[in-house]
Amino acid sequence: MLHPPAAPPVLPAPSRQRLRVAQGIVLLFHATGFLGLAFSQDPSFYLRFVPLNLLLTAALLLAFQPNRNREFYWFCLVVMVVGFGVEVLGVRSQVIFGNYEYGPVLGFQLWGVPLIIGLNWLMLTYMSGVLARYLPLPNILRAVVGALLMVGMDVCIEPVAVRYDFWHWMADVIPLQNFKAWFALSFILQVFFNRSHFVKSNQLVPFVYLVQLLFFFGLGMLR
């Protein structure tokens, strides 16, 4: 059964102003980070703000989620725990994603994995799921599209993450296995997203996804 795309609701004037402020904050943080990492002689100064940037962006996204019910918070908790747990298994077994280790940039670690990684999985799952809802597709195909959006973002993130020691791969080679595992886990999380009962609309999501995509793609192009 085909589902019509979810048209974004018309926002009243105060909400539109609130959206523009949030977009400006997201753009300011990412533009500052981009310029600092790309052109500063001391990128380490800007790298220390990476966890803060993730936390701020996540807080803004959550603020624009309408009707945050119990199931929405349950969805957030499950995705963060699953994402973090799979990363722990991946680092320890070196089987799921390949042979990799995390560096110190992303902050406090537990079992070799930064705690904030769970939040990163949540943000990508949530944003990709919301974007896929715009397409007139059955939920199973929306899950495929959402998973592809997540993998596409990871493709852009990987070279930047390796360069700035978010994480590093054995012999500095990003294995194809990483992207296969990413797609499999992303698909499962997208199915969970579609089956969870909460409002799947967020006016800030398209802007944040685009800004992050351009941020990592642009840094990746600057060798």
Side-chain angles (χ1 to χ4, degrees), residues 1-11 19 23 26 54 57-58 60-87 89-90 95-98 117-159 161 174-217 220:
M1 179 180 177
L2 294 180
H3 301 274
V10 178
L11 296 174
L19 176 64
Q23 289 173 335
V26 170
L54 282 172
T57 304
L60 289 172
L61 285 172
L62 291 178
F64 279 84
Q65 164 64 33
N67 301 326
R68 294 183 292 276
N69 59 10
R70 182 178 300 177
E71 185 133 6
F72 173 72
Y73 288 114
W74 173 246
F75 161 80
C76 292
L77 178 62
V78 169
V79 173
M80 286 191 292
V81 170
V82 169
F84 180 80
V86 172
E87 293 279 357
L89 292 175
V95 170
I96 300 175
F97 300 102
I117 281 297
L119 182 64
N120 190 59
W121 274 101
L122 170 61
M123 289 172 59
L124 287 178
T125 301
Y126 176 70
M127 288 194 296
S128 299
V130 169
L131 290 173
R133 300 291 293 186
Y134 283 87
L135 299 177
L137 297 172
N139 281 339
I140 190 67
L141 292 182
R142 281 177 173 163
V144 172
V145 171
L148 290 174
L149 288 171
M150 293 177 70
V151 173
M153 182 69 80
D154 185 52
V155 169
C156 294
I157 291 174
E158 285 291 345
I174 305 171
L176 181 61
Q177 174 187 352
N178 171 63
F179 301 112
K180 292 179 180 178
W182 253 81
F183 180 82
L185 180 56
S186 297
F187 177 76
I188 293 170
L189 293 176
Q190 287 299 316
V191 170
F192 178 55
F193 173 88
N194 287 321
R195 291 186 176 181
S196 298
H197 299 291
F198 59 87
V199 177
K200 299 180 175 72
S201 175
N202 189 312
Q203 290 288 313
L204 190 58
V205 160
F207 184 83
V208 171
Y209 185 91
L210 179 61
V211 167
Q212 290 191 341
L213 191 68
L214 293 175
F215 176 84
F216 288 109
F217 181 80

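Here the structure is a predicted model, which means the values were calculated and not measured. If you read the sequence from its start, that first residue is 1, and numbering goes on from there. Below, each value reflects all heavy atoms present in this structure, side chains not excepted, and no hydrogens, waters or symmetry copies.
- At a threshold of 4.5 Å between non-hydrogen side-chain atoms, the residues Phe64 and Val205 do not count as touching.
- Formation of a donor-acceptor pair under 3.5 Å by the Asn69 side chain with backbone atoms of His197 is found in this model.
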| request: Start with the C-alpha distance between Leu124 and Trp182, add both sets of side-chain angles, then the distance that settles side-chain contact (heavy atoms from CB on, under 4.5 Å), and finish with yes or no. | output: CA-CA 11 Å; Leu124 287 178; Trp182 253 81; 3.6 Å; yes
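- Around atom CZ of Phe217, no more than 12 heavy atoms belonging to other residues, nucleotides or ligands sit under 6.0 Å away.
- Residues in residues 206-217 take part in no side chain to side chain donor-acceptor pair (under 3.5 Å) pair, two or more places apart or across chains.
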| query | Between Leu141 and Val145, is a side-chain contact (heavy atoms from CB on, under 4.5 Å) present by the stated rule, with each step listed? | reply | CA-CA 6 Å; Leu141 292 182; Val145 171; 5.6 Å; no
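- Leu204 approaches Leu61 most closely through the heavy-atom pair CD2-N, 4.1 Å.
- In this view, Phe179 satisfies the ring-ring contact (aromatic ring centres under 6.0 Å, His included) rule with no residue, not counting sequence neighbours.
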| message | side-chain contact (heavy atoms from CB on, under 4.5 Å), that's the test. Do Ile140 and Phe187 meet it? Break it down for me. | response | CA-CA 9 Å; Ile140 190 67; Phe187 177 76; 3.5 Å; yes
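- Residues Asn202 and Val130 share a closest heavy-atom pair of N-CG1, 3.9 Å.
- By the 4.5 Å heavy-atom criterion applied to side chains, Gln23 and Leu60 are not counted as neighbours.
- Here the closest heavy-atom approach between residue Leu137 and residue Arg142 is recorded as O-NE, 3.3 Å.
- With sequence neighbours excluded, no residue forms a ring-ring contact (aromatic ring centres under 6.0 Å, His included) with Phe216.
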| said: Let's go through Leu189 and Phe193 carefully: what are the C-alpha distance in whole Å and the side-chain angles of both, what is the deciding distance for side-chain contact (heavy atoms from CB on, under 4.5 Å) to 0.1 Å, and is it a yes or a no? | reply: CA-CA 6 Å; Leu189 293 176; Phe193 173 88; over 6 Å; no
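- Taking each heavy atom of Met123 and Leu54 in turn, the nearest pair found is SD-O, 3.8 Å.
- Ring-plane geometry between Phe97 and Trp121 is classed as tilted, the angle between the planes lying from 30 to 60 degrees on a 0 to 90 degree scale.
- Tyr73 is linked by a side-chain contact (heavy atoms from CB on, under 4.5 Å) to Arg68, counting only residues two or more places apart in sequence or in another chain.
- Counting heavy atoms from C-beta on, the side chains of Thr125 and Ser186 never come closer than 4.5 Å.
- Of all the heavy atoms in Val191 and Ala143, the pair that sits closest is CG2-CB, 3.9 Å.
- Within the 4.5 Å cutoff, the side chain of Trp74 has heavy atoms near those of the Val78 side chain.
- Taking the side-chain contact (heavy atoms from CB on, under 4.5 Å) definition, one finds that Leu62 meets it with Phe72, Cys76, sequence neighbours left out.
- Closest non-hydrogen pair, Ser128 versus Gln190, comes out as CB-NE2, 3.8 Å.
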Distance-only donor-acceptor hits, side chain of residues 151-158, under 3.5 Å, sequence neighbours excluded:
unit_1, atom_1, unit_2, atom_2, d
Asp154, OD2, Asn178, ND2, 3.2
Glu158, OE1, Trp167, NE1, 2.9
Glu158, OE1, Trp169, NE1, 3.1
Glu158, OE2, Asn178, ND2, 3.2

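- Note: Met127 CE to Leu149 CG = 10.0 Å, rounded to the nearest 0.5 Å.
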